[in-house]
Amino acid sequence: MRNGNYENLSVDAVARRLPESREYLREARIDRTARMSLREAANATSTNADELLAQIEARLRREARRTHIQPVEFVMVYEEEDEMSFV
């Protein structure tokens with residue numbers, strides 16, 4: 001994520017480009033309907049814009065990791081009556 005690109009966009013534009021950031025913006029008490037840049041909105045809530053974007057990026061990466069991890073399922077296959085093996 002390139003901070004310079006998002007920093008100068010309006011909060012609403014950032015929320016549209018990164019829909020996953022909406023929840024974090026809400027938690028940071030940044031109103032996405034406000035007509036100000038993300039940098040101005042972050043400053044209004046005493047937050048550094050770079051830090052805010054880094055938190056959003058970390059959350060997006062965490063979510064991406066969660067969706068890519070598939071649970072491992074072991075299936076028992078009986079080859080002979082007395083033996084079992086796992087696939």
Side-chain angles (χ1 to χ4, degrees):
M1 183 183 304
R2 300 187 78 139
N3 293 353
N5 293 340
Y6 290 102
E7 230 177 67
N8 298 320
L9 290 176
S10 69
V11 176
D12 189 46
V14 172
R16 280 192 314 248
R17 286 188 183 185
L18 303 170
E20 301 87 355
S21 69
R22 292 176 184 166
E23 183 181 335
Y24 190 77
L25 291 170
R26 192 175 316 120
E27 289 174 13
R29 294 196 166 103
I30 294 177
D31 181 17
R32 59 175 263 215
T33 61
R35 294 183 173 219
M36 52 176 73
S37 69
L38 186 66
R39 182 182 330 137
E40 293 168 338
N43 288 338
T45 60
S46 300
T47 307
N48 184 331
D50 285 334
E51 183 179 325
L52 177 70
L53 287 166
Q55 292 294 329
I56 291 171
E57 182 177 10
R59 183 170 285 191
L60 292 174
R61 287 180 186 212
R62 255 192 317 270
E63 290 299 319
R65 276 195 304 257
R66 285 185 193 147
T67 59
H68 286 89
I69 297 174
Q70 298 295 326
V72 176
E73 184 178 318
F74 290 102
V75 179
M76 293 176 52
V77 177
Y78 295 96
E79 292 178 0
E80 293 183 17
E81 250 181 61
D82 296 331
E83 293 182 27
M84 281 189 272
S85 64
F86 291 94
V87 176

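Quantities reported herein were computed from a predicted structural model and do not represent experimental measurements. Note that these values count all heavy atoms, side chains included, but never hydrogens, waters or copies made by symmetry.
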Problem - Modelled atom types, side-chain donor and acceptor of Asp12 and Ser10, under 3.5 Å - result: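 Checked: Asp12/Ser10 side chains show no N/O donor-acceptor pair below 3.5 Å.
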Could you tell me the separation between the [atom1] atom of [X] and the [atom2] atom of [Y], rounded to the nearest 0.5 Å?
{"X": "Asn43", "Y": "Met36", "atom1": "CG", "atom2": "CE", "result": "10.0 Å"}
{"X": "Leu25", "Y": "Thr45", "atom1": "CG", "atom2": "OG1", "result": "9.5 Å"}
{"X": "Ile56", "Y": "Leu52", "atom1": "CD1", "atom2": "CG", "result": "4.5 Å"}
{"X": "Gln55", "Y": "Leu60", "atom1": "CD", "atom2": "CG", "result": "11.5 Å"}
{"X": "Arg32", "Y": "Arg22", "atom1": "CZ", "atom2": "CZ", "result": "4.0 Å"}

Heavy-atom pair of closest approach, residues [X] and [Y]:
{"X": "Val14", "Y": "Tyr6", "value": "CG2-O, 3.6 Å"}
{"X": "Glu7", "Y": "Asp50", "value": "OE2-OD1, 2.8 Å"}
{"X": "Val11", "Y": "Asp31", "value": "CG1-O, 3.9 Å"}

Handout entry: Charged N-O contact under 4.0 Å between Glu57 and Arg61
Key =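 Looking at Arg61 together with Glu57, the answer is yes, because their closest N to O distance falls below 4.0 Å.
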Practice task
State whether Arg35 and Glu40 are salt-bridged, where the test is any N-O pair (Lys NZ or Arg NE/NH1/NH2 against Asp/Glu carboxylate O) under 4.0 Å.
Solution key: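 No salt bridge links Arg35 with Glu40.
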Handout entry: Side-chain donor/acceptor of Ser21 to backbone N/O of Pro19, under 3.5 Å
Key =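 No, because the side chain of Ser21 does not come within donor-acceptor range (under 3.5 Å) of the backbone of Pro19.
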Problem - Same apolar cluster: Leu9 and Tyr24, side chain cutoff 4.5 Å - result: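 Cluster IDs for Leu9 and Tyr24 match.
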